[in-house]
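All values reported here derive from a predicted model rather than from experimental measurement. These values consider heavy atoms only, across backbone and side chains, with no hydrogens, waters or symmetry-generated copies. Numbered from 1 within each chain, the chains take letters A, B, ... in sequence-line order.
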Amino acid sequence: MPELPEVETVARGLQKSIAGRRIVSVRLGKTDFIDDPAALELHLPGRQIEKVERYGKFMLLRLSPGLNSGDSENGDGASLLVHLGMTGQLAPSAAALPSAKHTHVWFELDDGRELRYTDPRRFGRMAYLTGAHLAEELTAFGADPLLVSAEEFASRVRSRNAQIKALLLDQSVLRGVGNIYADESLWRAKIHPMRRGTELSKKQTQMLRRVLQDVLRKAILARGSSISDFLDADGEPGEYQRHHRAYGREGKRCYRCGATIRRAIVAGRSSYFCPTCQPAPRTRKKGKRRRQARNG
DNA sequence: CGTTGAACCTGTTTGC
DNA sequence: TGCAAACAGGTTCAAC
């Protein structure tokens, strides 16, 4: 569910509502999505949440130096890394309110509230990481799509023979793009999701970066897309789903040309596109119909 | 190197 | 109405 704009929305909300608060205690339910549950219970109590930021689809809760002695990496960029997976929600709540179903982590704060993590499918991830470990973790990711230069974007995309949809979803190429914003940007750039990176012209590549950034910025302004269950840190849905041009529009007409939006599985994911505006690449032979004779 | 499919887990929607 | 299949904003891993 949460891609870059949704995670940015949650991170900004949390920065406003919980930055500066201290974690008093930690309570855990199911923990199979937590790297080292005991580390949370051991290291988080007493720490102040200094800042909440986004890194790709991750949230980084930057923590104050710990008071426990014996922890050689105290203060060394200690952070709580949170990935929302498909259905994760992280939001503060009055401690007295009942917890939603599938709430698995409660951080008691020093102002009487609790920061709660709820995640029905538990595809999310949570980890307490310090300095070197955190840095190492983050090196696996590619460029931030909002910051990437035209040159870097082009070199990352045009050097790869994979399908452009797969490249946009690959977090080691760009960090933060998911299924919705991949399809939305490809529709706007008029590029078929099965086109190869190597196949894109310089113009197309420039256009793709431009519209991707534009879509992401506008989606952030609209506080993300809520298809069925995304809620921000204030419990509010986003509005950007109203502006979707491709994603989820199978069978409806293309806003640009009126053709019928199609759905196909590309890179293992449902992909929505306009078959007219986004012409398909020449299909590989792949058995089936033997049209033209090859050999000459 | 690139693709595909399965797996992780729960809930909701769709189809017969 | 009932029940099974398909599908969901993500990631990872094995197999080819």
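Comparing B/dC9 with C/dG2, their P atoms sit 29 Å apart, to the nearest whole Å. Taking atom C1' in both C/dG10 and B/dC1, one finds a spacing of 23 Å when rounded to whole Å. Taking the C1' atoms as reference points, C/dA6 lies 16 Å from B/dG5, given to the whole Å. Nucleotides C/dT1 and B/dT10 are separated by 28 Å at their P atoms, to the nearest Å.
For the OP1/OP2 pair of B/dT12 and a distance below 4.0 Å, the side-chain nitrogens and oxygens of A/S228 include no atom meeting the criterion. Within the structure, every side-chain polar atom (N or O) of A/H83 is placed at least 4.0 Å from both OP1 and OP2 of C/dG10. OP1 or OP2 of C/dG9 has not a single side-chain nitrogen or oxygen of A/Y181 nearer than 4.0 Å. Within the 4.0 Å cut-off from OP1 or OP2 of C/dC7, at least one side-chain nitrogen or oxygen of A/R263 is found. Dashed line: the shortest gap from a side-chain N or O of A/Q163 to OP1 or OP2 of B/dG2 is not under 4.0 Å. The phosphate of C/dT11 (OP1 or OP2) has a side-chain N or O of A/K57 nearer than 4.0 angstrom. Taking 4.0 angstrom as the limit, A/R196 places none of its side-chain polar atoms (N or O) nearer than this to OP1 or OP2 of B/dG2. Taking 4.0 angstrom as the limit, A/Y272 places a side-chain polar atom (N or O) nearer than this to OP1 or OP2 of C/dA8. For the OP1/OP2 pair of B/dG2 and a distance below 4.0 Å, the side-chain nitrogens and oxygens of A/N161 include no atom meeting the criterion.
Screening A/E184, A/E3, A/K165 for a side chain to side chain donor-acceptor pair (under 3.5 Å) involving A/N179 leaves a single residue, A/K165.
Not one N or O on the side chain of A/Q163 forms a donor-acceptor pair closer than 3.5 Å with the backbone of A/V266. Remark: the backbone N or O of A/Q89 is not paired with any side-chain donor or acceptor of A/T118 at under 3.5 angstrom. The main-chain N or O of A/L138 is found under 3.5 Å from a side-chain atom of A/Y55 such that the two form a donor-acceptor pair.
Salt-bridge annotation for A/E53 and A/R62: present, with a side-chain N of the basic residue lying under 4.0 Å from a carboxylate O of the acidic one. Contact check on A/K218 versus A/D214 returns a salt bridge, with a Lys/Arg side-chain nitrogen under 4.0 Å from an Asp/Glu carboxylate oxygen.
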Does the salt bridge (Lys or Arg N to Asp or Glu O under 4.0 Å) test come out yes or no for A/D32 and A/K30, once each step is laid out?
-> CA-CA 6 Å; A/D32 55 357; A/K30 290 187 179 177; over 6 Å; no
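Stem analysis of DNA chain C (Watson-Crick or G-U pairs, both distances under 3.5 Å, runs of at least three) returns B:2-8 with C:10-16, B:10-16 with C:2-8.
Residue-level contact check: A/K101 touches the backbone only, with heavy atoms under 4.0 Å from sugar-phosphate atoms and none from bases. If you check every strand for non-hydrogen atoms under 4.0 Å, A/Y247 touches sugar and phosphate atoms only. Using a 4.0 Å heavy-atom cutoff across all strands shown, A/R160 reaches sugar-phosphate atoms only and no base atom. Residue contacts shown for A/S226 include a base, since a base heavy atom lies under 4.0 Å away.
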Quick one: which protein N/O atoms are closer than 3.5 Å to N/O atoms of nucleotides 5-9 of chain B? Pair and distance per line, please.
{"unit_1": "B/dC9", "atom_1": "O4'", "unit_2": "A/R121", "atom_2": "O", "d": "3.4"}
{"unit_1": "B/dC9", "atom_1": "O3'", "unit_2": "A/R122", "atom_2": "NH1", "d": "3.4"}
{"unit_1": "B/dC9", "atom_1": "O3'", "unit_2": "A/R122", "atom_2": "NH2", "d": "3.4"}
{"unit_1": "B/dC9", "atom_1": "O2", "unit_2": "A/R121", "atom_2": "NE", "d": "2.9"}
{"unit_1": "B/dC9", "atom_1": "N3", "unit_2": "A/R121", "atom_2": "NH2", "d": "3.4"}

For nucleotides 13-16 of chain C, print each protein N/O atom paired with a nucleotide N/O atom at under 3.5 Å, atom names and distance only.
none

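Across all non-hydrogen atoms, the minimal contact from A/T260 to A/P275 is O-CD, 3.2 Å.
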